[in-house]
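Have a look at the structure below before the remarks.
Note that these values count all heavy atoms, side chains included, but never hydrogens, waters or copies made by symmetry.
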Number of protein chains: 2
Amino acid sequence: MKIPLVAIPRLSQYARVLLESRHSDYISSDEISEIAGCTAAQVRKDLAYFGQFGTPSRGYKVEELKRSLSKILGTDREWNVALVGVGNLGSALLSYKGFAPNGFKIKCAFDNDLRKIGKNLEGVIVRDTSEMKRTLKAEGIRMAIVTVGAGSAQSVVNMLIKSGVTAILNFAPVKLNVARAITVLNIDLSIELERLAYFLSRTKKSKKS
Amino acid sequence: MKIPLVAIPRLSQYARVLLESRHSDYISSDEISEIAGCTAAQVRKDLAYFGQFGTPSRGYKVEELKRSLSKILGTDREWNVALVGVGNLGSALLSYKGFAPNGFKIKCAFDNDLRKIGKNLEGVIVRDTSEMKRTLKAEGIRMAIVTVGAGSAQSVVNMLIKSGVTAILNFAPVKLNVARAITVLNIDLSIELERLAYFLSRTKKSKKS
DNA sequence: AACTGTGAAATTATTCACAGCT
DNA sequence: AGCTGTGAATAATTTCACAGTT
C-alpha cells in the first residue's frame with residue numbers, strides 16, 4: 001500500500017496524545033482525533049496503513065498502541081544525532097530539552113570556527129569539521145542536523161553523506177541536492193515567517209507593524 | 001480561485017531563486033523549477049493563482065517577478081515580530097541573522113523568568129510577560145514567535161491573541177487551540193526527527209546508531 | 001521558436017458510510 | 001451498542017499537453 005508522507009508526522013502527534021492518556025485503558029479514534037486536531041477517519045486510516053491495532057467497540061489499547069507507534073516511527077530505540085554548525089541555533093539545539101525524552105541524543109557536534117572547536121557544550125565536545133568522517137563512521141551515526149549558513153550547507157551535506165549519514169534535518173535556507181536514498185527535511189525559518197506574512201497581508205485591516 | 005496552502009512556501013522558494021538571478025533579465029519557469037526543485041508546470045500554476053506575470057517566449061522578468069512575489073507574500077514591507085520565551089531557542093532566534101534581510105524584525109521579547117527580564121539581547125529588552133498586552137498594542141504587533149515550554153504555550157498564545165496578535169509561529173510541542181481567524185504554524189523539532197527516524201528505520205541495513 | 005497560461009487528465013489524499021466484530 | 005477497518009466517493013493537488021502570444 002502507498003502511505004502518504006504526511007501521515008507520518010500525524011502518527012507522531014497521535015503518539016503524543018497517548019502520552020497524556022494514562023487515565024484509561026482504551027482510547028477511541030474519536031478521542032485521539034479530538035486532541036490531535038484532525039478527523040477520526042484520518043486517525044483510523046493512518047493507523048490502518050500499518051496494521052490493525054484496534055478492538056471493535058472498545059478502541060485502541062493505549063499502551064499497546066503506544067508501543068506499535070514507537071515501532072512504526074522507529075522511536076523504540078535511541079538515535080544518536082550529529083550536529084554541524086555550532087552557532088546560535090546549533091547551540092540552542094544542543095541544549096534543547098525536548099530531544100532526549102523522545103530518544104534523540106546529539107552525540108557529536110562540528111564546526112570549523114577555531115574559537116568553538118574543543119569547547120564542551122552540554123557534554124558534547126565541538127570537533128573540527130575535518131574529523132567528521134572518522135567520528136561518524138566510528139559512532140555509526142546516520143542522522144544529522146545542519147545549522148550552518150546557506151553558503152556551506154551543500155558541502156557540509158556532501159561530507160555528511162560521505163560519512164554515512166542518510167537522514168538530515170536542514171535549517172540552512174537552501175535547497176540541498178542529494179541522491180534519492182538520502183532523506184532531507186527542511187526547516188526554513190524565514191519561509192515560515194513569510195507564510196505568516198502572507199496570511200496577515202490577506203486580512204482586512206492590514207495597517208501597520 | 002482556491003489557492004492551495006502549500007503553494008505559499010513554494011512562492012517563497014521562487015522568490016529566493018530570483019535573488020540569485022542577477023545575471024539575466026528574464027527567467028523561465030523551467031529555470032526556476034530547476035533550482036527550486038519542483039516542476040515547471042508547478043511554478044507556472046502557482047504564479048497563475050495570483051495573476052499573469054510572464055511574457056510568452058521570454059519568461060518572467062526577474063525584477064518584476066521579484067516585486068510581484070514580495071507583494072503577494074507581504075514581504076514588500078517590514079514586519080515587527082514579538083518573541084515569547086527567551087530560553088535557548090528563543091535567544092538563538094533573537095540573534096538569528098536570516099530574519100532581517102527578509103524584512104522581519106524581532107521588536108520585543110517576553111519571559112517570566114526574573115533572571116532574564118530586563119536583559120538586553122541583541123538590542124531587545126526582555127520584558128515581563130505581564131507587559132505583553134500593553135507593549136504589543138502600543139507597537140501594533142500582529143506576528144509572534146512562541147518558544148516557551150509545552151505547559152505554558154496555550155496560555156501564552158491566549159495572551160498574545162488578546163494583545164492583537166493574529167499570526168503565530170509555534171515551537172512548543174503542543175496543538176494550540178485558537179479561533180479560525182488566527183494563523184498558527186507549528187515547528188515541532190522532535191516530530192521532524194521522528195520523521196527522519198521513520199525513514200531510517202525503513203532502510204535495509206538498520207543496525208545501530 | 002520559445003515560453004506562458006490554463007483547461008483537462010491523472011494522481012494523491014481525505015472523508016464518507018457502513019459491514020463486521022466484540 | 002459501539003467502534004474499528006476499509007472499500008467507495010469526494011476533494012485537493014499536481015501534471016500533462018497544447019492553444020495562444022510575442
Side-chain angles (χ1 to χ4, degrees), chain A residues 1-15 17-18 21 23-69 72 175 195 198-199, chain B residues 1-15 17-18 21 23-69 72 175 195 198-199:
Chain A
M1 195 188 308
K2 205 50 211 347
I3 296 158
L5 288 194
V6 285
I8 309 307
R10 282 197 302 258
L11 293 182
S12 286
Q13 306 270 21
Y14 307 157
V17 169
L18 298 182
S21 305
H23 51 290
S24 81
D25 246 18
Y26 283 90
I27 191 169
S28 68
S29 59
D30 230 2
E31 295 172 280
I32 296 175
S33 70
E34 177 74 18
I35 306 174
C38 60
T39 67
Q42 181 103 78
V43 172
R44 294 200 300 275
K45 182 68 92 176
D46 284 344
L47 294 175
Y49 290 127
F50 295 93
Q52 308 193 156
F53 305 104
T55 314
S57 102
R58 301 218 170 282
Y60 303 87
K61 207 161 191 176
V62 173
E63 285 308 317
E64 211 170 289
L65 184 57
K66 227 186 253 186
R67 273 193 300 277
S68 302
L69 284 174
I72 293 166
K175 163 91 181 124
R195 288 170 69 186
Y198 169 81
F199 291 115
Chain B
M1 196 189 306
K2 197 66 203 339
I3 295 157
L5 288 195
V6 285
I8 309 308
R10 282 197 301 260
L11 293 181
S12 286
Q13 305 270 20
Y14 307 157
V17 169
L18 298 181
S21 305
H23 53 287
S24 82
D25 246 18
Y26 283 90
I27 191 167
S28 67
S29 57
D30 229 3
E31 295 172 281
I32 295 174
S33 70
E34 177 76 18
I35 306 174
C38 60
T39 68
Q42 180 106 80
V43 172
R44 295 200 299 277
K45 182 68 90 176
D46 284 344
L47 294 174
Y49 290 127
F50 296 93
Q52 307 192 156
F53 304 104
T55 315
S57 104
R58 299 217 171 284
Y60 302 88
K61 208 161 192 177
V62 173
E63 285 308 317
E64 212 169 287
L65 185 55
K66 229 185 255 186
R67 273 193 300 277
S68 303
L69 284 174
I72 294 166
K175 163 92 181 119
R195 288 171 69 185
Y198 169 81
F199 291 115

Just wondering, do V43(B) and D30(B) contact through their side chains at under 4.5 Å, heavy atoms? no

Test of understanding: with side chain to side chain contact (heavy atoms under 4.5 Å, CB included), list the residues that count as partners of S57(A), not counting sequence neighbours. none

Expected output is a numbered-order residue list: members of residues 24-36 of chain A with a heavy atom under 4.0 Å from any atom of DNA chain D. What is it? S28(A), S29(A)

I'd like to check the side chain to side chain contact (heavy atoms under 4.5 Å, CB included) partners of E34(B); sequence neighbours left out, ordered by chain and number. none

Between P56(B) and P56(A), who's closer to the 5' end of DNA chain C by nearest nucleotide? P56(B)

Do any of residues 45-54 of chain B sit with a heavy atom less than 4.0 Å from DNA chain D, and if so which? K45(B), Y49(B)

CD (E64(A)) and CG (L18(A)) are apart, to the nearest 0.5 Å, by 11.5 Å

Using the side chain to side chain contact (heavy atoms under 4.5 Å, CB included) criterion, which residues pair with I8(B)? Sequence neighbours excluded. R195(A), Y198(A), I3(B), L11(B), F50(B), L73(B)

Atom NZ of K2(A) and atom P of dA10(C) are separated, to the nearest Å, by 18 Å

Per nearest nucleotide of DNA chain C, the residue lying toward the 5' end, T55(A) or C38(A), is C38(A)

Do any pairs count as a salt bridge (Lys or Arg N to Asp or Glu O under 4.0 Å) and have a residue in residues 51-60 of chain B, sequence neighbours left out, and if so which ones? none

Chain A on DNA chain D: first and last contacting nucleotide, 5' to 3', under 4.0 Å to a heavy atom? dG2(D) to dA8(D)

Rounded off to whole Å, could you give me the CZ-to-P distance for the R44(A) and dC16(C) pair? 11 Å

Can you name the residues that form a side chain to side chain contact (heavy atoms under 4.5 Å, CB included) with A48(B), not counting sequence neighbours? none

I'd like to check the side-chain hydrogen bond (donor to acceptor under 3.5 Å, both in side chains) partners of K66(A); sequence neighbours left out, ordered by chain and number. E63(A)

Set of residues satisfying side-chain hydrogen bond (donor to acceptor under 3.5 Å, both in side chains) with respect to E31(A), sequence neighbours excluded: S28(A)

In chain order, what residues pass the salt bridge (charged side-chain N to carboxylate O under 4.0 Å, His left out) check against R10(B), with sequence neighbours excluded? D46(B)

Sequence neighbours left out, what passes side-chain hydrogen bond (donor to acceptor under 3.5 Å, both in side chains) with Y60(B)? Give chain and number order. none

Take atom CD1 of I3(A) and atom P of dT14(C), then tell me their distance rounded to the nearest Å. 13 Å

